[in-house]
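Read through the structure below, which is laid out as structure tokens, and then see the notes.
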Amino acid sequence: MWHLRGRSSVTASAAALHKPVAHLRLLLAVSAWSGPLLLPAAASTAAAASTTTRGGPSPSAGVAARAMPSSSSSPPPAAEGTTAAAGGFRLTEPSFLESLMPKKEIGVDRFLAAHPEYDGRGALIAIFDSGVDPAAAGLQTTSDGKPKILDCSTGSGDVDTSKVVKADDDGSIVGASGTHLIINPSWKNPSQEWHVGCKLVYELFTDTLTSRLKIERKKKWDEHNQEAISEALKQLNEFEKKHSKSDDAKQKMAHEDLQNRLEYLRKQAEGYDDRGPVIDIVAWHDGDVWRVAVDTQGLEGNKNCGKLADFVPLTNYRLERKFGIFSKLDACSFVANIYDDGNLVSIVTDCSPHATHVAGIAAAFHPDEPLLNGVAPGAQLISCKIGDTRLGSMETGTGLVRALIAAVEHKCDLINMSYGEPTLLPDYGRFIDLASEVVDKHRIIFISSAGNNGPALNTVGAPGGTSSSIIGVGAYVSPAMAAGAHCVVQAPAEGMEYTWSSRGPTADGDLGVSISAPGGAVAPVPTWTLQSRMLMNGTSMSSPSACGGVALLVSAMKAEGVPLSPYTVRKAIENTAASISDVPEEKLTTGHGLLQIDRAFEYAQQAKELPLVSYRISINQVGKSTPKLRGIYLRGSNTCRQTSEWTVQLDPKFHEDASNMEQLVPFEECLQLHSTDSSVIKIPEYIMVTNNGRTFNIVVNPVNISSGLHYYEVYGIDCKAPWRGPIFRVPITVIKPIALSGEPPALTLSNLSFKSGHIERRFINVPIGASWVEVTMRTSAFDTPRRFFLDTVQICPLKRPIKWEAVVTFSSPSLKNFSFPVEDGLTLELSIAQFWSSGIASHEPTCVDFEIVFHGISVDQKIIGLDGSEAPVRVVARSLLASERLVPVATLNKVKTPYRPVECNLCSLPPSRDRLPSGKQIIALTLTYKFKLEDGAEIKPRVPLLNNRIYDNKFESQYYRISDSNKCVYSSGDVYPNYVKLSKGEYTLQLYIRHDNVQLLEKLKQLVLFIERKLEKKDFIQLSFYSEPDGPIVGNGTFKSSILVPGEPEAFYVGPPSREKLPKNVLPGSVLVGSITYGAVSSFSKKDDQNQHAPASYSISYLIPPSKVDNDKEKGVSSGRKSISERLDDEVRDTKIKFLSGFNQETEDDKSSWTALVASLKSEYPKYTPLLAKILECIVQKATSDDKISHQKEIIAAADEVVDSIDKEDLAKSLSLKPDPEDEEAQKNKKKMEETRDQLADALYQKGLALAEIESLKTDESTEASAKDAFEENYKELIKWVDAKTTKYGSLTILRERRCGRLGTALKVLNDMIQDDSEQPKKRLYDLKIQLIEEIGWVHVSAYEKQWMHVRFPPSLPPF
């Protein structure tokens, strides 16, 4: 899937980035514009190819040309200033510069020559994208001197500034990060209330910028660290020289301390991970507006730079249109918006260069470089950041909806959106509904990219290519663009669509691509890229090119009083577009043609008095009520064997504010109907349409057409004004596949001839029983390397197109093999395309031989669920095509555990940016889930109801984050969750869902969420197969493999995993999941691994059963069992001891009562160690009184009582003995002795802490010396019993080493404690770490650790 549809083109491989990558939605690489940026290109058509089938009919290689209705069938004129010669396309310097920002292709030069004042002035464009940089070149002012960018909004970047502080007497405040900040005395703040917040600045930066900063900051850090290492090494060498032969224990420990310091610094260098500095944000009201200032001292490491007091305060961007820059190092600009009475500040940065590039194409103005102007330099912009920096640059529902709200609020004329992804339902979803309202009610023209997933058909994405209210734009490359912007060696003779530009139709038959426009440009990029402009190409670029062109049209229509409507504009641009190809089927690629602005304006002028109406088409097949379609799409052998009849509902759509009496009642149009091929399409001749619409029938008879792709249209012409061209169109796509036979069925294509940009399509009826294909591609007869796109597509109802693709480069004639899964019974499109610029400098075509062979093993159940019992599952397998080797392999490699929310919260969001144009208030539902990991693991949250759908989802937004008890956020995501590696511990997941319908949100309050955990490879469970139903228990009848005879079934059993193999700590009700395959790829050469598993795999799962009942609780009761009276006495004693810990000691009376109870219990149970240990525990936990020394002495006394109650000689003797493992009494006694040892160690540990505390509080030297002796004696006693460097007792060792000045050793012990992942991070340990580092004097390490404190222990969770 993709989300940003543009690409920079620094290398040949960059052009392949249009290919969807699983869950990688940013398809843009930032690169400098210099030198050749893409492979060369040409647009020659391939020579005829011979095709043969193995045992099947001969398919048609071509289609007959039929004229399509268009007001302009002529191709776009050639750019002036260019010449064609035998040696190829020639550019002059001016035409080269023009090619970098293509405009002539869409008639901008002709239009502006005739109307120089209509250069976009008066037009306002909303850029729905990754955030436009207000500091970028060409985006400062319009051609008539107005501000270029009027507002910047976002769905991310929020900072909580609800904490309010007052300045002290010297005019300073403490920021949210804990930094002391000086307030500029010139800032007006009548209330003297300062709202403070903080943010890790890398959370606002792109990954590219962050990477650059990390490199630059690490250089400085390494310099400081190397100085520290040199000093530590010098100290170590001097010590070794001075004490070379000493055996003194203290000197050995001092030597070890110096070694530990050196080792620590070296490990710091190896493990350095810069999470970025923290910036402080301060907001206040100056009596007129809210202001915000930012402290960025940490960015450059210079305390004299980035001070809060030196910052020029900002207010909401729309008010003053001012922006800030974080530092000279990053050169990243930002704007600020303040909401909720200063309690929330939105810091708006871009999350990719994409939006700035898009905005530059649409409307950049360069007064000194007019040839590099955008299409509409007079237009103004608002930037609506729909991409979320936290997610790379993926769009979120929150960003999308806020963008629509902003576009309506600012009364924009146009929206450009160069984002999108595949969809399972076209023209469906929450965002689509709101976008349609924006178009129909608020008259905003919505233009969007069609997608970069071509060259196969059915690859247009949502929303641009699949939504009725949005104009979808394909990407076109002209000879001038190829020669200039792409710097190819030899430009193509004619323009063409880029190979990767997405094609129609949609799944419901709509055309998909509306128009085409230039899909590449050298345009402005953000300042943080450290360059002014770069080359990118994609439908992301064609969309703003078209949008800028339409902005010219809007500018002219406004100036000349032509009524402005999205309906009129769309009809004007579609009916005047220049045809790129005369082949009807190419409409699925190019739409109605290449945009021509001058012709569109002439059309709009002529249509000035016509009703503002658009025709909406709803189609269903006669005899079927559902589904409702927007075109007729026959894709399959059965549908092409018979005539079908379709009912078309034609509904005029007026804007919502249309007058009943003046517009709706008098509306009436007499239309003459036409079809592009009357031998296939039968229609009525005329219809009369009124406001209530009209139905008519279409009969499609594809029986006699050749196999392959055919495209037709039914369209209506206004009888009174035929110059208008088609008033509506019904697209009709017919794909007649070929049927294959043979064992196995195969298709062989021999001697296919390819030149640059040539595409061969074949449509195959996938045989019933096929589940995978094996492909062989052989190339020959060429010189320079050749690059091919191989795509296959199948369409399945209520599912995204099933797509397989490969980008293959042949550096020399050779052979390549591929295999991929298919769905039987569905038509498969095979698309083979030589990349548009590949081999362009060569006159030799590429000769390709292509063979595709179908294989398959059919099973009676594609999804296998083992129910947790011991019973296996029977599977019946068949091969319907040819003999196949049945080799089942099943692996369980993940576990899914379901959770319900422990808490849910509904709240209305602030209306300042979360109220819909309709006036409805958006409501947020926050669901809180708790889960625990017993061991570290990679996990991913899954919400089956909501995941994997952005545009085809009726819920507005979903966003989750995973945090620990310290509020440290480990992961966040939205519809495409990612795996994250977590340590052992307890975690909280919060899921955030938005909608304006509270009833819908109420239904989600108990929404089930799964935590999916990857098993380690060593824990993968390989399932066994059996030929007998009792095989899993008896162990007989193991099934390995078999040869399937065509048509003959064979059965076997899938056994459940053995109990011993089940992963530990998995809750009952969880599900182990994995995959099962049945066949093997066999047609590849030996070097390709003959035994590789077939690519067709299916889901298999195992339900974790209830835990076994423990029947051994009463087992092994000894004859020496205590009497009932003795057991009762023990229970009473233990209850009394337990009661101690819950005793409240808040008042003096409570304390007296507790003291009395302790004395009573001591008297009743003298020298009972568990009682004394519990008393010590209570004293340690007791609130410290003013007399801290007395409290510590009380701890020492209690600890001494514990120590004195234990016979240490007997304890040591008991622990030294190894009991008989079969002697239960001996085992119990050993356990009891270990508990006693732990109580002794705990007492010594607490005593040591108390002695150290007394030492630190007292100033008397004699007392201090005695305390030191006592501490050392106590410590030596402790290490007799336990390892004092472990996590449990390490704090005492650190104290000891610190007292002795061995800070390096103390730091090593502390680091070992921290790295013990048995518990989540404890703030006190990290605070201590910073103290030790500062005592040593490592300032750079201290600063590094303090930055990490904001990551590990943030003051609060960030806003959603």
Side-chain angles (χ1 to χ4, degrees), residues 1118 1120-1123 1125-1143 1145 1151 1153-1182 1190-1219 1223-1254 1270-1271 1273-1284 1286-1293:
S1118 66
R1121 180 174 170 178
K1122 291 183 179 180
S1123 66
S1125 175
E1126 289 173 325
R1127 288 163 56 197
L1128 179 60
D1129 288 342
D1130 288 349
E1131 289 289 337
V1132 170
R1133 178 197 64 205
D1134 294 343
T1135 301
K1136 289 179 179 179
I1137 294 172
K1138 187 178 179 181
F1139 180 74
L1140 270 178
S1141 59
F1143 200 102
Q1145 299 186 60
K1151 293 177 182 177
S1153 300
W1154 186 84
T1155 303
L1157 177 60
V1158 166
S1160 172
L1161 290 174
K1162 283 183 182 180
S1163 174
E1164 188 174 358
Y1165 308 108
K1167 288 189 175 288
Y1168 184 58
T1169 304
L1171 168 62
L1172 299 174
K1174 178 60 70 174
I1175 293 170
L1176 173 61
E1177 180 186 326
C1178 293
I1179 294 172
V1180 170
Q1181 294 174 352
K1182 186 171 64 173
S1190 297
H1191 180 245
Q1192 299 303 325
K1193 286 182 176 180
E1194 189 178 359
I1195 292 173
I1196 293 170
D1200 285 339
E1201 287 192 75
V1202 174
V1203 173
D1204 293 342
S1205 70
I1206 298 170
D1207 186 337
K1208 290 190 271 299
E1209 289 185 8
D1210 182 56
L1211 177 61
K1213 183 179 178 181
S1214 299
L1215 291 173
S1216 65
L1217 298 175
K1218 188 174 181 180
D1223 186 341
E1224 188 173 345
E1225 279 300 317
Q1227 290 291 338
K1228 285 183 178 180
N1229 186 59
K1230 178 176 176 59
K1231 185 178 180 181
K1232 183 179 178 182
M1233 290 297 103
E1234 288 173 347
E1235 290 175 355
T1236 302
R1237 177 201 60 199
D1238 292 342
Q1239 289 165 347
L1240 172 62
D1242 287 341
L1244 293 169
Y1245 173 71
Q1246 294 297 340
K1247 181 179 178 181
L1249 294 178
L1251 287 167
E1253 182 68 14
I1254 290 173
F1271 177 91
E1273 183 182 344
N1274 181 79
Y1275 183 83
K1276 289 178 178 177
E1277 182 65 25
L1278 174 65
I1279 60 178
K1280 291 178 182 177
W1281 301 98
V1282 291
D1283 180 0
T1286 60
T1287 302
K1288 191 172 184 180
Y1289 307 107
S1291 295
L1292 197 62
T1293 301

| Sidechain N-carboxylate O distance under 4.0 Å for Arg1127, Glu1131 | no

| Set of side chain to side chain contact (heavy atoms under 4.5 Å, CB included) partners for Ala1252, sequence neighbours left out | Phe1271, Leu1295

| Minimal non-hydrogen separation, Ser1163 against Pro1166, with atom names | O-CD, 3.6 Å

| Gap separating the NZ atom of Lys1280 from the CD atom of Glu1277, nearest 0.5 angstrom | 4.0 Å

| request: Give the intermediate values and the outcome of side chain to side chain contact (heavy atoms under 4.5 Å, CB included) for residues Ile1175 and Glu1201. | output: CA-CA 10 Å; Ile1175 293 170; Glu1201 287 192 75; over 6 Å; no

| query | Between Leu1217 and Lys1230, which heavy-atom pair has the shortest distance, and what is it? | reply | O-NZ, 4.4 Å

| field | Sequence neighbours excluded, every pair satisfying salt bridge (Lys or Arg N to Asp or Glu O under 4.0 Å) that has a member inside residues 1163-1173 | value | Lys1136-Glu1164

| With Trp1154 via side-chain hydrogen bond (donor to acceptor under 3.5 Å, both in side chains) - residues at least two apart | none

| Looking at Glu1177 and Lys1174, does any basic side-chain N land under 4.0 Å from a carboxylate oxygen? | yes

Exercise answer: donor-acceptor pairs, residues 1233-1250 side-chain atoms, under 3.5 Å, sequence neighbours excluded:
residue : atom : partner : partner atom : Å
Thr1236 : OG1  : Lys1232 : O            : 3.0
Asp1242 : OD1  : Tyr1289 : OH           : 3.3
Lys1247 : NZ   : Asp1200 : OD1          : 2.8

| Sub-4.5 Å side-chain heavy-atom contact between Leu1211 and Trp1281 | yes

| Expected output: side-chain Thr1293 to main-chain Ala1284 donor-acceptor under 3.5 Å | yes

| field | Pair listing, side-chain hydrogen bond (donor to acceptor under 3.5 Å, both in side chains) test, anchored in residues 1206-1219, at least two apart | value | none

| request: Could I get the full list of salt bridge (Lys or Arg N to Asp or Glu O under 4.0 Å) partners for Lys1231, not counting sequence neighbours? | output: none

| Taking atom CG of Leu1171 and atom CG of Leu1176, what is their separation to the nearest 0.5 Å? | 11.5 Å

| request: Return each pair, listed once, that meets ring-ring contact (aromatic ring centres under 6.0 Å, His included) where at least one residue sits in residues 1195-1218; pairs must be two or more places apart or across chains. | output: none

| message | So, taking the atom named CG in Leu1140 and the one named SG in Cys1178, what distance separates them when rounded to the nearest 0.5 Å? | response | 5.5 Å

| query | Listed by chain and number, what are the side-chain hydrogen bond (donor to acceptor under 3.5 Å, both in side chains) partners of Lys1193, not counting sequence neighbours? | reply | none

| said: Taking side-chain hydrogen bond (donor to acceptor under 3.5 Å, both in side chains) as the definition, give me every residue that meets it alongside Tyr1168, ordered by chain and number, with sequence neighbours left out. | reply: Arg1133

| What residues, two or more places apart in sequence or in another chain, satisfy side-chain hydrogen bond (donor to acceptor under 3.5 Å, both in side chains) together with Ser1291? | none

| remark: Residue set satisfying side chain to side chain contact (heavy atoms under 4.5 Å, CB included) with Gln1227, at least two apart, ordered chain then number -> Pro1219, Pro1221

| task | For a side chain to side chain contact (heavy atoms under 4.5 Å, CB included) with Leu1251, tell me which candidate from Leu1292, Ile1196, Ile1195 qualifies. | result | Ile1196

| Listed partners of Asp1283 passing side chain to side chain contact (heavy atoms under 4.5 Å, CB included), at least two apart | Lys1285, Thr1286

